[in-house]
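Below: the structure, in structure tokens.
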Amino acid sequence: VQLQASGGGLVQTGGSLSLSCIYSGRTYGLVVMGWFRQTPGNEREFVAGIRWSGGSLYNTYYRSSVKGRFTISRDNAKNTMYLQMTNLKPEDTAVYYCAADRRLTDNYYRPWEYDYLGQGTLVTVSS
């Protein structure tokens with residue numbers, strides 16, 4: 001599985017950005033996907049996750065600091081996961097990574113639990 005993240009850029013405080021993550025290859029069974037971010041000298045941290053809950057339903061999860069501002073979604077027909085980010089703050093500045101896995105794990109917030117990780121896309125929020 002290959003993951004390709006895009007959509008990062010420079011935005012002012014209060015602005016919006018939409019990240020995309022296209023997944024390709026053997027994409028069957030990717031029941032858990034997530035977005036993580038990392039700043040220099042810090043560990044990669046969980047931002048949002050989307051986990052299959054049966055049929056066509058998914059549960060979504062967010063770190064507390066982005067709840068109400070970020071929205072994660074996926075379109076399996078397009079093999080794409082999204083992260084819609086609004087009301088951006090300087091502390092959201094980071095390299096954002098997308099990740100995917102075939103195990104239906106409760107540990108969706110741990111980056112090391114994912115088998116597949118894409119390259120990052122830089123989001124910079126100016127004050």
Side-chain angles (χ1 to χ4, degrees):
V1 176
Q2 294 78 45
L3 303 173
Q4 179 80 30
S6 62
L10 174 64
V11 64
Q12 291 185 333
T13 296
S16 300
L17 277 177
S18 182
L19 305 184
S20 298
C21 174
I22 297 175
Y23 41 100
S24 60
R26 296 183 177 183
T27 61
Y28 61 88
L30 295 176
V31 294
V32 179
M33 298 191 73
W35 287 97
F36 296 84
R37 65 188 182 188
Q38 189 170 23
T39 53
N42 293 308
E43 293 185 352
R44 196 162 295 174
E45 64 180 24
F46 171 75
V47 177
I50 184 165
R51 184 176 66 170
W52 181 65
S53 61
S56 60
L57 300 178
Y58 291 84
N59 290 327
T60 57
Y61 309 90
Y62 300 92
R63 70 179 298 107
S64 57
S65 63
V66 308
K67 275 183 181 178
R69 299 190 297 121
F70 290 11
T71 303
I72 187 172
S73 63
R74 63 187 287 181
D75 184 339
N76 292 329
K78 296 182 179 179
N79 280 4
T80 305
M81 177 179 64
Y82 303 96
L83 185 67
Q84 179 66 37
M85 305 184 294
T86 64
N87 191 21
L88 282 160
K89 305 175 181 181
E91 51 264 41
D92 295 318
T93 294
V95 177
Y96 284 70
Y97 299 87
C98 56
D101 202 89
R102 291 193 175 92
R103 295 164 295 175
L104 201 61
T105 176
D106 287 336
N107 298 322
Y108 52 85
Y109 54 93
R110 296 177 177 173
W112 58 88
E113 292 283 339
Y114 289 78
D115 282 343
Y116 308 106
L117 183 70
Q119 93 298 346
T121 185
L122 177 62
V123 172
T124 304
V125 184
S126 63
S127 57

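What you see is a predicted model; the values in this text were computed from it and never measured.
Here CH2 of W35 is found 8.0 Å from CE of M85. Values are rounded to the nearest 0.5 Å. For the atom pair CH2 of W52 and CG of L57, the computed distance is 9.5 Å after rounding to the nearest 0.5 Å. Rounded to the nearest 0.5 angstrom, T80 OG1 and L3 CG are separated by 11.0 Å. Separation of atoms OH (Y58) and OG (S53) is listed at 8.5 Å; rounding is to 0.5 Å. Put simply, OH on Y116 and CG on D101 are 7.5 Å apart, with the number rounded to the nearest 0.5 Å. Interatomic distance, OH of Y96 versus CG of L83, reported as 7.5 Å (0.5 Å rounding).
Closest approach of L10 and S126 over heavy atoms only: CD1-CB, 4.3 Å. Shown here for V47 and F70, the closest heavy-atom pair between the two residues is CG1-CD2, 3.7 Å. What you find for G34 and M81 is that their closest heavy atoms are O-CE, 3.4 Å.
No side-chain donor from either of R103 and T105 sits under 3.5 Å from a side-chain acceptor of the other. Defined by atom type and a distance below 3.5 Å, a donor-acceptor pair is present between the side-chain atoms of S18 and Q84.
No chain of hydrophobic side-chain contacts below 4.5 Å, direct or via other Ile, Leu, Val, Met, Phe, Trp or Tyr residues, connects L117 to V1. In the hydrophobic clustering of this structure, I72 groups with L104; members are Ile, Leu, Val, Met, Phe, Trp, Tyr whose side-chain heavy atoms approach within less than 4.5 Å, directly or through other members. Linking ILVMFWY residues whenever their side-chain heavy atoms come closer than 4.5 Å, directly or via other members, places Y62 and I50 in the same cluster. In the hydrophobic clustering of ILVMFWY residues, with side-chain heavy atoms under 4.5 Å counting as a link, L88 and Y97 come out apart. Note on Y82: it does not cluster hydrophobically with V66, by side-chain heavy-atom contacts below 4.5 Å among ILVMFWY residues.
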Verdict with reasoning, Y114 to F36, per ring pair (Phe, Tyr, Trp, His ring centres under 6.0 Å): CA-CA 11 Å; Y114 289 78; F36 296 84; 5.3 Å; yes
Audit row: D92, R69, side-chain contact (heavy atoms from CB on, under 4.5 Å) steps and yes/no: CA-CA 11 Å; D92 295 318; R69 299 190 297 121; 2.8 Å; yes
Derivation of the side-chain contact (heavy atoms from CB on, under 4.5 Å) call for D106 and R51: CA-CA 9 Å; D106 287 336; R51 184 176 66 170; 2.6 Å; yes
Pair R74-L30, side-chain contact (heavy atoms from CB on, under 4.5 Å): steps then yes or no: CA-CA 11 Å; R74 63 187 287 181; L30 295 176; 4.2 Å; yes
Intermediate values then yes/no, side-chain contact (heavy atoms from CB on, under 4.5 Å), S65 and E91: CA-CA 10 Å; S65 63; E91 51 264 41; over 6 Å; no
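Remark: R102 is positioned above the aromatic ring of Y28, its terminal NZ or CZ atom under 6.0 angstrom from the ring centre and at most 45 degrees off the axis.
Taking the centre of each ring, Y61 and Y108 come in below the 6.0 Å mark.
For the pair T93 (side chain) and P90 (backbone), a donor-acceptor distance under 3.5 Å is present. Q38 places no side-chain N or O within 3.5 Å of a backbone atom of A94 that could act as its donor or acceptor partner.
F46 places none of its side-chain heavy atoms less than 4.5 Å from the side chain of N107.
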